[in-house]
Amino acid sequence: MGKQGSHKSLRSEFQGWHSKTLLLQGLKSDSSKCNSCRGLYVGKKHIRAIVVMFGLLGCLFLLDSLIISFFEFTNLQPGTAPNNSSAFQGRDSYIYRKQSPVYMYERLLNLASSALAEKEFKQESSNLWVEPFRQASSWKPCAESKVQSNSGKPVQSNGYILISANGGLNQQRVAICNAVAVASLLNATLVIPKFLYSNVWKDPSQFGDIYQEEYFMNTLKDDISIEKELPPHMKSLDVEAIGSQITDADLTKEATPADYIKVVLPLLLRNGVVHFLGYGNRLGFDPLPSDIQRLRCKCNFHALKFAPKIQQLGSILIQRIRKYGARRSILDTQLLGKFIHNNKYHEGKRGSVKYLALHLRFEIDMVAYSLCEFGGGEEERKELQAYRERHFPLFLERLKKNSTSISPMNLRKLGKCPLTPEEAALVLAGLGFKHETYIYLAGSHIYGGNSRMEPFTSLYPNVITKENLLTDSELAPFRNFSSQLAALDFIACASADVFAMTDSGSQLSSLVSGFRTYYGGDHAPTLRPNKTRLAAILRENNTIKWNRFEVRVKKMILEGQKAGIRSYGRSVYRNPRCPECMCKHH
């Protein structure tokens, strides 16, 4: 509970005790008057009244306790938005430890709280929930039809491409579509990609556990050849022994088509197979033939559909976020497939609950790696240094060899520090989102847990996650599969009325924002704070007036929402507004 909530609670308790004190004083006064009469019958009558009154007060205390217990229990049920959810806690013991709330901008938080209270009964600006630039609606999805108009796949295949993708859900998604593009570039047959097991993600999921294999193959059948596995006569081949294994050491990051033709094609032609081990972001965006770029878009926005069990639970999740209100957009259709028709909306329900999805990147590894400080003092510094020594020893060795180091304060000025939950809440308040806004939180393992979330929930108490909207039995089949859980976050973020990110470099944020750009038209705004500009604004915490803070935050976000065409070298997954992926209608 934030400071404001604590003050309200103390104030209500004080008022209750004050009322009871006045009541007892009144009884005492009445008793004195009766004693002056010295009437035995009257005295007994008042003694009996006092006993009855104390009995009534006891009943009131009991009833008060029962009501409090009831509401505490209700906050733990699926579909509610508890102020202090265990979902905010991380997995490490030091994150679970109870800590006092950490405030970096207490003055601004107080100003934000007052501003939100004033807006409580005012009409919220509808501009918050739509794209601010009309150009956004002029771009329409058309990667699928554009690719189909090409001559199609070659008759003769040069061999087979095997892919072992690393990373989590979103890194793997990029790897799949890059592999599709490479298969087309080299006139090769793609074998359904495999996912490497990672000690970080600890997820054994494979392609068919996350995506619909048959749909993927059918969607791309006119563009490239895809098989589920190698032909029998090639299964026993030791790909590494024959020199056909390709690693990151063999291909530079953001490699060009020329690199693939020079390094990979000769191996493919000689051995009939190549294996990309640990494949990820190993294909640049420019220069690239337009038909290859279109195929990338077709793969990402059309061919990759989540597996039915993910779509089904995703549909349930969206229903509960929107409190069963009716809303069926093209985004929902693309994300949920046939399960959008299973949504059970309440009869007579008008509209649906609007919600904002926030991808809050404040996990312990990201916080520690940044070398920034976040207001937690010496205890925080020791804790993060201990984590670095345990998890990033090579990183620390490189730092020691580097003669020049940047101070935490300068790192923040340069926009190199992850945004805290407190900073994210201030941005939302500066934009004008009301106190009761429903906020879906993705990536909920927050460093510091509730101590870090307290400033956020004091301004925005209606924070919801998949963990407190879905039951244990619903989540059970997904528990040990982090990529499948991440797919639920992807669905909730992509379907949101507004999507906000705190780290534009995140793969989830990039892919979700691209998906919303492709299918959302002008009804799927995305908020991208500029961390350098925000740091400059927040440095004035002790002096800036709230109305000036609002103006500067709105300007910062607005500039990040400009519906410009994709610039050279930038990701088509993040910004598909380009002739290869989308069609512009005038």
Practice problem: Check side-chain hydrogen bond (donor to acceptor under 3.5 Å, both in side chains) between Arg361 and all other residues, then give those that pass, not counting sequence neighbours. | Solution: Glu363
Quiz item: Among Arg570, Arg566, Arg296, which residue meets the salt bridge (Lys or Arg N to Asp or Glu O under 4.0 Å) test with Asp286?
Solution: Arg566
Quiz prompt | Results of side-chain hydrogen bond (donor to acceptor under 3.5 Å, both in side chains) for Arg173 - residues two or more places apart only | solution = Asn300
Quiz item: Only one of Leu196, Ile246, Ile163, Leu162 clears side-chain contact (heavy atoms from CB on, under 4.5 Å) with Leu277; which?
Solution: Leu196
Quiz item: With a 4.5 Å heavy-atom cut-off, do Ser495 and Arg322 have their side chains touching?
Solution: yes
Quiz item: Ion pair present between Asp222 and Lys298, side-chain N to carboxylate O less than 4.0 angstrom?
Solution: no
Exercise. Determine whether the side chains of Tyr440 and Asp489 contain a donor N or O and an acceptor N or O closer than 3.5 Å.
Key: yes
Quiz item: Taking C-beta and beyond as the side chain, do Leu396 and Gln385 meet within less than 4.5 Å on heavy atoms?
Solution: yes
Exercise. Assert yes or no for the condition that the ring centre distance of Tyr518 to Phe301 is strictly below 6.0 Å.
Key: yes
Quiz item: Has Glu240 got more than 12 heavy atoms of other residues, nucleotides or ligands less than 6.0 Å from its CD?
Solution: no
Exercise. Show your working on side chain to side chain contact (heavy atoms under 4.5 Å, CB included) between Leu230 and Leu237 and close with a plain yes or no.
Key: CA-CA 10 Å; Leu230 283 172; Leu237 276 177; over 6 Å; no
Quiz item: Is a side-chain donor-acceptor pair under 3.5 Å present for Glu422 with Thr420?
Solution: no
Practice problem: Test Asn166 against Tyr279 for side chain to side chain contact (heavy atoms under 4.5 Å, CB included), laying out the working first. | Solution: CA-CA 6 Å; Asn166 56 13; Tyr279 193 68; over 6 Å; no
Practice problem: Could you tell me whether Lys194 atom NZ has more than 12 heavy atoms of other residues or ligands within 6.0 Å of it? | Solution: no
Quiz prompt | Which residues share a disulfide bond (SG atoms under 2.5 Å apart) with Cys493, sequence neighbours left out | solution = none
Self-check item: Any side-chain donor near an acceptor of the partner, Thr189 and Ser157, under 3.5 Å
Solution: yes
Practice problem: For residues Tyr447 and Phe374, establish whether the separation of their ring centroids is below 6.0 Å. | Solution: no
Quiz prompt | Donor-acceptor under 3.5 Å (Gln171 side chain, Gly168 main chain) | solution = yes
Exercise. Could you tell me whether the side chain of Ser198 and the main chain of Asp203 form a donor-acceptor pair under 3.5 Å?
Key: no
Quiz prompt | Ser482 side chain reached by Lys202 side chain, heavy atoms, under 4.5 Å | solution = no
Quiz item: Would you call Arg294 and Asp223 a salt bridge, taking side-chain N to carboxylate O under 4.0 Å as the test?
Solution: no
Practice problem: Look at the aromatic rings of Tyr260 and Phe276 and report parallel, tilted or perpendicular, splitting at 30° and 60°. | Solution: tilted
Quiz item: Given Phe456 and Leu358, is the side chain to side chain contact (heavy atoms under 4.5 Å, CB included) satisfied, shown in steps?
Solution: CA-CA 12 Å; Phe456 190 101; Leu358 173 64; 3.7 Å; yes
Exercise. Please say whether more than 12 non-hydrogen atoms of neighbouring residues, nucleotides or ligands are located less than 6.0 Å from NZ in Lys416.
Key: no
Quiz item: Going through the checks in order, is the side chain to side chain contact (heavy atoms under 4.5 Å, CB included) test met by Met501 and Arg528?
Solution: CA-CA 6 Å; Met501 62 181 78; Arg528 300 181 182 90; 3.7 Å; yes
Quiz item: Can Tyr573 and Asn178 be counted as having a side-chain donor-acceptor contact under 3.5 angstrom?
Solution: yes
Quiz item: So how far is it from Leu527 CG to Leu428 CG, rounded to the nearest 0.5 Å?
Solution: 7.0 Å
Quiz item: Is the closest side-chain heavy-atom distance between His523 and Glu131 below 4.5 Å?
Solution: no
Quiz item: Under the 3.5 angstrom rule, does the side chain of Asp497 hit a backbone N or O of Tyr355 as a donor-acceptor pair?
Solution: yes
Self-check item: Nearest-0.5 Å distance that lies between atom OG in Ser315 and atom CD1 in Ile310
Solution: 13.5 Å
Quiz prompt | Cationic N near anionic O, under 4.0 Å, Lys531 to Glu423 | solution = no
Practice problem: List the atom of Gly314, the atom of Leu336, and the distance in Å for their closest heavy-atom pair. | Solution: C-CD2, 3.8 Å
Exercise. Ignoring hydrogens and angles, tell me if any N or O in the side chain of Ser370 forms a donor-acceptor pair with the backbone of Val367 under 3.5 Å.
Key: yes
Exercise. First locate atom CG of Leu360, then atom CG of Leu441, and finally report the distance between them rounded to the nearest 0.5 Å.
Key: 5.5 Å
Quiz item: Can you tell me if Thr333 uses its side chain to pair, donor with acceptor, with the backbone of Ser329 under 3.5 Å?
Solution: yes
Practice problem: Say whether, by atom type as modelled, one donor and one acceptor occur between the side chain of Asn170 and the main chain of Leu511 under 3.5 angstrom. | Solution: no
Quiz item: Would a 4.5 Å heavy-atom cut-off, applied to side chains only, mark Ile321 and Tyr438 as touching?
Solution: no
Practice problem: Verify, without hydrogens or angle tests, whether Glu254 (side chain) and Asn281 (backbone) share a donor-acceptor contact under 3.5 angstrom. | Solution: no
Quiz item: Do the ring planes of Tyr519 and Phe515 sit parallel (below 30°), tilted (30 to 60°) or perpendicular (above 60°)?
Solution: tilted
Exercise. List the steps and the verdict of salt bridge (Lys or Arg N to Asp or Glu O under 4.0 Å) for Asp472 and Arg479.
Key: CA-CA 9 Å; Asp472 287 341; Arg479 282 291 182 201; 3.4 Å; yes
Quiz item: Would the SG atoms of Cys583 and Cys142 measure under 2.5 Å apart?
Solution: yes
Quiz item: Does any non-hydrogen side-chain atom of Ile292 lie less than 4.5 Å from one of Pro257?
Solution: no
Quiz item: Looking at Lys228 and Glu214, does any basic side-chain N land under 4.0 Å from a carboxylate oxygen?
Solution: yes
Quiz item: Can you tell me if Gln212 uses its side chain to pair, donor with acceptor, with the backbone of Ala307 under 3.5 Å?
Solution: no
Exercise. Give the minimum heavy-atom separation between Ser164 and His275, together with the two atoms involved.
Key: OG-NE2, 2.7 Å
Practice problem: Look up atom CD1 in Ile176 and atom CD1 in Ile192, then write down how far apart they are to the nearest 0.5 Å. | Solution: 8.5 Å
Practice problem: For the pair Arg388 (side chain) and Phe395 (backbone), establish whether a donor and an acceptor sit closer than 3.5 Å, ignoring hydrogens and angles. | Solution: no
Quiz item: Say you draw a straight line from CE of Met234 to CD of Glu229; how long is it, rounded to the nearest 0.5 Å?
Solution: 13.0 Å
Quiz item: Is a donor on one side and an acceptor on the other found under 3.5 Å between the side chain of Gln484 and the backbone of Ile210?
Solution: no
Quiz item: Got Tyr387 and Ile364 here, is their nearest side-chain heavy-atom distance under 4.5 Å?
Solution: yes
Self-check item: Trp129/Phe433 aromatic ring centres below 6.0 Å
Solution: yes
Practice problem: Any chance you could measure Leu288, atom CG, to Leu283, atom CG, to the nearest 0.5 Å? | Solution: 5.5 Å
Quiz item: Just wondering, do Cys299 and Leu304 contact through their side chains at under 4.5 Å, heavy atoms?
Solution: yes
